[in-house]
Each structure stands twice: as structure tokens, then as C-alpha cells.
Amino acid sequence: MALKITKSTDPIHVERLNVVVYGPPGLGKSSLAFTAEAPLLLDFDNGSHRAANRKDVVRVATWSDVTAITAEDLAPYKTVIIDTAGRALDAITADIIKTDPKGHKNGALTLPGYGTLKTRFIGFLKLMNSFGKDVVLIAHMDEQRNGDDVIERLDVQGGSKGEIYKAADAMGRLVMENGKRMLKFSPADAAFGKNPGQLEPLLVPHHDSAEFAGFLAWVIQATKDKLNSLSEEQKAAAAEQDWFRANLPNVSNAAGINDLIDRASAAGRACKTLLHNRATELALAYDKASGQYAVKEAEQQPAGEAQDEAA
């Protein structure tokens, strides 16, 4: 099987994101998460009642409360919030201790148990992704000292911390600076971050303001828009494809098709395919020897082989 290569001229459309928001307690991480588009919050932390703008929630007592979640359950929602990722991992840990004798010893996870923990959490994230929802993972901040420096990390147990870093498309930290709440996605010397949307540090509006409603929805959409914006090369390729789609119906003979071979070759495979399809409609066949299209004759090659050679 041939390797499927996505060319630099081919856009990769991003429809959903995994976004991590972390920060110290009391800064309103849950309230911020509720400003995502059509959110449903899975409340592992049992703190949703403190949010200033609470939307729909699932109060999670045990891991089994969410393992049977379906696409139908999530149909009314656009965003799934896991609050918090650390407490979700605690729920999985408790379930492993309850159901998997080999996964723990004396109430603590064994090495295989930690493997199971990571596998279950990653599997749950993939399940949410398969439903086409944006996923927001809330996490507390863990401050670690390196001499006089304070290093900010996610307060998440085990190897799953690394999996969260890898799964995150965007990662921002909620901090207080000069009495103002700021959301920062760019990494720093002492803090993790992922900023594919190239967002500047964002002032988080007060939760009573009109600007706060929909704030995280705007952040997520701005990141998608940046990721989906076409490069100049992609724009040129798309423009050429549009030109061929618009003008090929007006080409009615071999001379017209042959005049466009060089242009189609320079524009890439998509345009060569458009040209070949139009030639086929005109009962033309590609002649390998001349590198031109001509009226199809019985002894000439099948169209599929000709397309491969023309491409």
C-alpha cells in the first residue's frame, strides 16, 4: 500500500480541540470553562456548585458514572469539560483498586496498575474525541521549587500527566497579575503551555460582564481559525483548483486540454486529476510517447493507466 502523504499545499482542517486550562485554586477555572460553546461539565471535583455561571453538569461519584457515556448523551453539547483531570484519574484509580486485584497492592497501584490507569484515561479521551466534541481539561497547578525558582506544573498523578501534555492541542494557565486574571497559552521558562493559535496573553473579563459569556468559546474558535488558515502556498493551490473547475467545462478539444498540461502539472496532482477527468469526458486518451492527449483509439491504454502516467 502506497504511503498517504499530505502535501504542503493540502490543508488539514481542524474541527475539534483538546484544551487544557490549569491554575491555582480559587481563580475561577470552572467558571471559565463554562464559557465554552454548549458545555457539559463532568464534575469529578464536586465543585461545580461554586461556579458563577453554572451550566449542565454530571456529578461524578465513581468512574462507572461516565464509562457508559454515549454520543446520544452528548448530542445537545459542543464541549465536554473534565473538572478536574487529577480527580478523574483518582476516580479511575479507585475503580482499579476495586475491580483489578493485579492492579494494586495494599491500596496502592502497582506498576501494571499505573499502566491500566494511563490506558483507561487515554481511552476515555479518545472516546470523547470520537464524538467530535471539543474537550476542556481543567487541572490544578502544582508549584515545584528549583532553588529560588518556582516551576508551574499540572497537579496530576502518575504517567498520565505526560499523556495530557501530549493530548493537549492548546494549554493555557490562569494566573493573577496585578489584580487581574490572565489566561496565557505561550510556554515560559517556568511554566508549560501550548499556543497554536498564537494568542497574546488574554485578560479574562469579570464573570458579571457581558464579555465573559462565550469567552472560552471565542478562544477555542480563534485557535481553530488560526490552525485552519491557509498558507500562501495553500491559497495559491486552492486558487488554481478553483480556476480549473471554472474553466475546464469550456475546453472542448484535445488542443485545449494539451495547452493546459504544463499549468496543471505545476499546480499539483489535484489539478492534473481535474484535467484528466475533463479529457476523459471528451473521449481523449493520454499518449505516453508524446506526452499529449489525443482522440481515444481502441489500442490505446485504459483510462486508469493513462491517468497514472499522466500524473
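All residue numbers in this chain count up from 1 along the given sequence.
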For a side-chain hydrogen bond (donor to acceptor under 3.5 Å, both in side chains) check, start with the C-alpha distance between D90 and T93, then their side-chain angles and the critical distance, and finish with the verdict. CA-CA 5 Å; D90 290 345; T93 298; 5.1 Å; no
Is E281 salt-bridged to R278, going by a charged N under 4.0 Å from an acidic O? yes
One should read off an interatomic distance between Q198 CD and L227 CG, to the nearest 0.5 angstrom, of 9.0 Å
Is there a side-chain contact between Q292 and I261 (heavy atoms, below 4.5 Å)? yes
Donor-acceptor contacts under 3.5 Å from residues 24-39 side chains, at least two apart:
{"residue": "K29", "atom": "NZ", "partner": "G23", "partner atom": "O", "Å": "3.3"}
{"residue": "K29", "atom": "NZ", "partner": "P24", "partner atom": "O", "Å": "3.0"}
{"residue": "S30", "atom": "OG", "partner": "D83", "partner atom": "OD2", "Å": "2.4"}
{"residue": "S31", "atom": "OG", "partner": "A52", "partner atom": "N", "Å": "2.9"}
{"residue": "T35", "atom": "OG1", "partner": "L32", "partner atom": "O", "Å": "2.6"}
{"residue": "T35", "atom": "OG1", "partner": "L216", "partner atom": "N", "Å": "2.9"}

Give me the other members of the hydrophobic cluster that I5 sits in, counting Ile, Leu, Val, Met, Phe, Trp and Tyr linked by side-chain heavy atoms under 4.5 Å, directly or via other members. L3
Hey, is NZ on K78 packed in by over 12 heavy atoms from elsewhere, all under 6.0 Å? no
Which value, rounded to the nearest 0.5 Å, describes the distance between R59 atom CZ and L42 atom CG? 12.5 Å
Reported OG1-to-CG distance for the pair T280 and L275, which is rounded to 0.5 angstrom: 9.5 Å
Roughly how far apart are T223 OG1 and N195 CG, rounded to 0.5 Å? 7.0 Å
Return the set of residues passing ring-ring contact (aromatic ring centres under 6.0 Å, His included) with F212 (not counting sequence neighbours), or none when no residue passes. none
Would a hydrophobic clustering, with Ile, Leu, Val, Met, Phe, Trp and Tyr connected at side-chain separations under 4.5 Å, put L89 with F192? yes
Residue pairs involving residues 120-133 (criterion salt bridge (charged side-chain N to carboxylate O under 4.0 Å, His left out); sequence neighbours excluded): D95-R120
Residue pairs fulfilling salt bridge (charged side-chain N to carboxylate O under 4.0 Å, His left out) with at least one residue in residues 245-265, sequence neighbours excluded: E240-R263, D242-R245
Which distance, rounded to the nearest 0.5 Å, do you find between the CG of N258 and the OH of Y293? 8.5 Å
Look at the side chain of D56 and the backbone N and O of L40, then say whether any donor-acceptor pair between them is shorter than 3.5 Å. no
Separation between OG1 (T273) and CD (Q241), nearest 0.5 Å, reads 9.5 Å
In plain terms, say whether R16 and D134 are close enough for a salt bridge, that is, a side-chain N and a carboxylate O under 4.0 Å apart. no
Closest heavy-atom pair and its distance - Y22, A191: OH-CB, 3.8 Å
Heavy-atom closest contact (L282 atom, N253 atom, distance): CD1-N, 3.9 Å
Residue set satisfying ring-ring contact (aromatic ring centres under 6.0 Å, His included) with F124, at least two apart, ordered chain then number -> W63
Judged by atom type as modelled, is there a donor-acceptor pair below 3.5 Å linking the side chain of K55 to the main-chain atoms of L41? no
